[in-house]
Amino acid sequence: MKHSLAPLAAALALSATFATPAFAAKDVVAAVASAFTTMDPYDANDTLSQAVVKSFYQGLYGFDKDMKMLPVLAESHTVSKDGLVYTMKLKKGIKFHDGTDFNAEAVKVTFDRVTNPDNKLKRFNLYKNIAKTEVVDASTVRFTLKEPFSPFINSLAHPSGVIISPAALKEYGSKGIAQHPVGTGPFKFVEWKPTDHLKVAKFDGYWKKGYPKVDTITFRPVPDNNSRSAMMQTGEAHFTFPVPYEQAEILKTKPNLELVAAPSIVHRYLSMNTLQKPFDNAKVREAINYAINKDALAKVAFSGYAIPAEGVLPKGVEYAVKLGPWPYDPAKARALLKEAGYPNGFETQLWSAYNHTTAQKVIQFVQQQLAQVGIKAAVQALEPGQRVEKVESAQDPATAPLRMYYVGWSSSTGEADWAMRPLLASESFPPKMFNTAYYKNDTVDQDIAKALNTTDAKEKTRLYTDAQQRIWKDAPWAFLVTEQLLSAHTKGLSGFHVMPDASFNFDDVDLK
């Protein structure tokens, strides 16, 4: 696939397509790189969709801009000695956008919905360990787990773990709520036109007095890097993420803009379908790791705002272990391919989970690197709908069409379980979760499971270390890079932050 970048002047002209009327004093426009898949966070797989719905939804717990966990709709909680029962006190006097009360019944209705397998929600696996949710009184709710699960509160702080208005669920149904979201957040939902924009407006009945400080936020999906950059330069947007890496230096020179490079736990990797030839051969997977120059990839696709992956989990995720990076050695790659029975390489396909320009650069670079060791890869950057259909909805691992897949992940709970289990446990094959390598290692499965059942930090460290070492050796992925998160905002905008997991925090957003 060939893709050429338009000159900046052309991009500026193109950006007129996205022109809007002059801003009102407190109307914020945010340009983002991809379209949103749903307004139901319990049925979303992508970080971006979950990030924007935090404008109108809130959970019992959450994270601040630095991913420090804090209570949101909950006041406090206690845990039984056996680790099975969590009792939570809820904040009082909070209203949903439809005027109904937030209370323990709303928490029960929300979690009964996601834990019911008949609803087939994508976040079922994150909450399936909840055996029951009970109302103790209007401001007290009790969760009983099926088995001890040490990161349970972290899971409730995940961006998907929000509370939905029971009245709205009753009115619109479990499927219809995606088009008619009703939460307790600082903004209420106005409209969503999937290819154009999502708009939210200030909720006058918000429970935090004095917030929000702006009247509206309009999120615009703009996949083309040049167009997003142009919108910032022409003043058509106040905030953009991600900043096109190749234009970071340009935006830094603009007196009305501020460029922010934030630390990240976003890991970029290339999964390989280990159930299909030739990727069922570990030597082939090792060869692909040796064939890709990660330092050069960081420079070519990310303009240096990334580092080669140092392990299965990025630094910053609790219990991450440094194991690499994997060295660049094309001669070793060719030797391994020969040992595996592919002295002349092979033909395959490489898909990207994203269609923005940076992702296209990544897969084109990888395509060129693999060609140098004899692997001919046809590349395709998938649209969001294609990603859901071709990858996330594949029902039978034996016939799944995926071969090689460029994708990324951030543990939005901040700890190792959610960085490993959804991606590398054998229970997590699509469509259940996101093990797109279809990787299975019995010992890794046992390590991950045992780590959930202990609160002993030393034992968790031992289990997660062993699992990561085994995964690194098995190489179900080509371990690529951990990126820095580049955003830009106008100097009149404050309080709009990109978090380490590439989600957003805009609790304090203001515009002057």
Side-chain angles (χ1 to χ4, degrees), residues 28-59 61-70 72 122-123 126 154-164 178 181 183-190 192 194 197-200 212 214 216-223 228 237-243 260 262-268 353-354 356 358-359 384 387 407-414 418 422 434 483-489 493 495-509:
V28 175
V29 174
V32 295
S34 302
F36 316 116
T37 58
T38 179
M39 293 298 106
D40 180 356
Y42 287 103
D43 207 31
N45 284 339
D46 60 302
T47 301
L48 180 59
S49 294
Q50 292 174 151
V52 298
V53 303
K54 288 196 296 184
S55 58
F56 42 80
Y57 277 130
Q58 294 175 306
Y61 287 81
F63 295 101
D64 68 12
K65 64 183 179 65
D66 301 312
M67 286 200 75
K68 178 183 177 182
M69 191 164 59
L70 69 168
V72 181
K122 291 183 174 68
R123 290 300 178 185
L126 184 56
N154 290 75
S155 298
L156 294 181
H158 186 275
S160 66
V162 303
I163 308 302
I164 303 173
T184 61
F187 299 90
K188 58 186 178 181
F189 174 79
V190 176
W192 175 35
H197 70 272
L198 163 70
K199 187 169 185 176
V200 297
V214 301
T216 68
I217 304 177
T218 302
F219 298 93
R220 292 194 179 277
V222 185
R228 281 200 316 284
H238 299 97
F239 171 88
T240 188
F241 174 75
V243 164
V260 180
S264 155
I265 57 170
V266 178
H267 210 31
R268 300 294 178 191
Y354 326 98
H356 53 68
T358 300
R387 182 179 73 229
V407 69
W409 185 265
S410 59
S411 176
S412 294
T413 63
W418 199 244
F434 320 112
E483 64 187 69
Q484 284 186 294
L485 302 175
L486 284 187
S487 63
H489 62 84
L493 184 74
F496 205 128
H497 306 284
V498 180
M499 296 165 60
D501 68 340
S503 186
F504 298 148
N505 180 293
F506 38 76
D507 291 347
D508 294 317
V509 63

- What one should report as the nearest heavy-atom pair of Pro41 and Pro159 is CB-O, 4.2 Å
- First locate atom CE of Met39, then atom CD of Gln50, and finally report the distance between them rounded to the nearest 0.5 Å. 10.5 Å
- Could you give the distance from CD1 (Ile217) to CZ (Phe56), rounded to the nearest 0.5 Å? 11.0 Å
- Query: Quick one: does Leu198's side chain get under 4.5 Å of Phe189's, heavy atoms only?
  - Reply: yes
- Task: Verify, without hydrogens or angle tests, whether Arg228 (side chain) and Val222 (backbone) share a donor-acceptor contact under 3.5 angstrom.
- Result: yes
- Task: Please examine the side chains of Val32 and Leu48, heavy atoms only from C-beta on, and report whether any two atoms are closer than 4.5 Å.
- Result: yes
- Query: At what distance, to the nearest 0.5 angstrom, does OG of Ser160 lie from NZ of Lys54?
  - Reply: 11.0 Å
- Please report the closest heavy-atom contact between Val72 and Gly59, naming both atoms and the distance. CB-O, 3.2 Å
- Does the Ser410 side chain pair with the main chain of Val266, one donor and one acceptor, at a distance under 3.5 Å? no
- Message: Using a 3.5 Å distance criterion without hydrogens, assess whether the side chain of His238 forms a donor-acceptor pair with backbone atoms of Val29.
- Response: yes
- Query: If we only count heavy atoms from C-beta on, is the Phe241 to Val260 side-chain gap below 4.5 Å?
  - Reply: no
- Task: For residues Val28 and Leu493, determine if any side-chain heavy atom of one lies less than 4.5 Å from a side-chain heavy atom of the other.
- Result: yes
- Do Glu483 and Ser264 meet the criterion of a side-chain donor-acceptor pair at a distance under 3.5 Å? no
- Item | Identified side chain to side chain donor-acceptor pair (under 3.5 Å) partner of Thr37 from the options Asn45, Asp43, Asp46 | Asp46
- Over 60° means perpendicular and under 30° means parallel, so classify the ring planes of Phe506 and Phe496, tilted if in between. tilted
- Quick one: closest heavy-atom pair of Phe36 and Pro221, and the distance? CE1-CD, 4.4 Å
- Are Val52 and Trp192 side-chain neighbours, meaning at least one heavy-atom pair lies under 4.5 Å? no
- Query: About how many Å separate CG of Asp501 and NE2 of His158, when rounded to the nearest 0.5 Å?
  - Reply: 8.0 Å
- Message: Closer than 3.5 angstrom, by distance alone: can the side chain of Tyr354 be matched with the main-chain N or O of Gly408 as a donor-acceptor pair?
- Response: yes
- Looking only at atom types and distance, does a side-chain atom of Asp66 sit under 3.5 Å from a main-chain N or O of Lys68, one as donor and one as acceptor? no
- Message: To the nearest 0.5 Å, what is the distance between CG on Asp40 and NZ on Lys122?
- Response: 9.0 Å
- Message: Can you confirm whether Trp409 sits close enough to Thr47 that some side-chain heavy atom of one is under 4.5 Å from a side-chain heavy atom of the other?
- Response: no
- Drop me the distance from Met67's CE to Asn505's CG, to the nearest 0.5 angstrom. 11.0 Å
- Would a 4.5 Å heavy-atom cut-off, applied to side chains only, mark Tyr42 and Ile164 as touching? yes
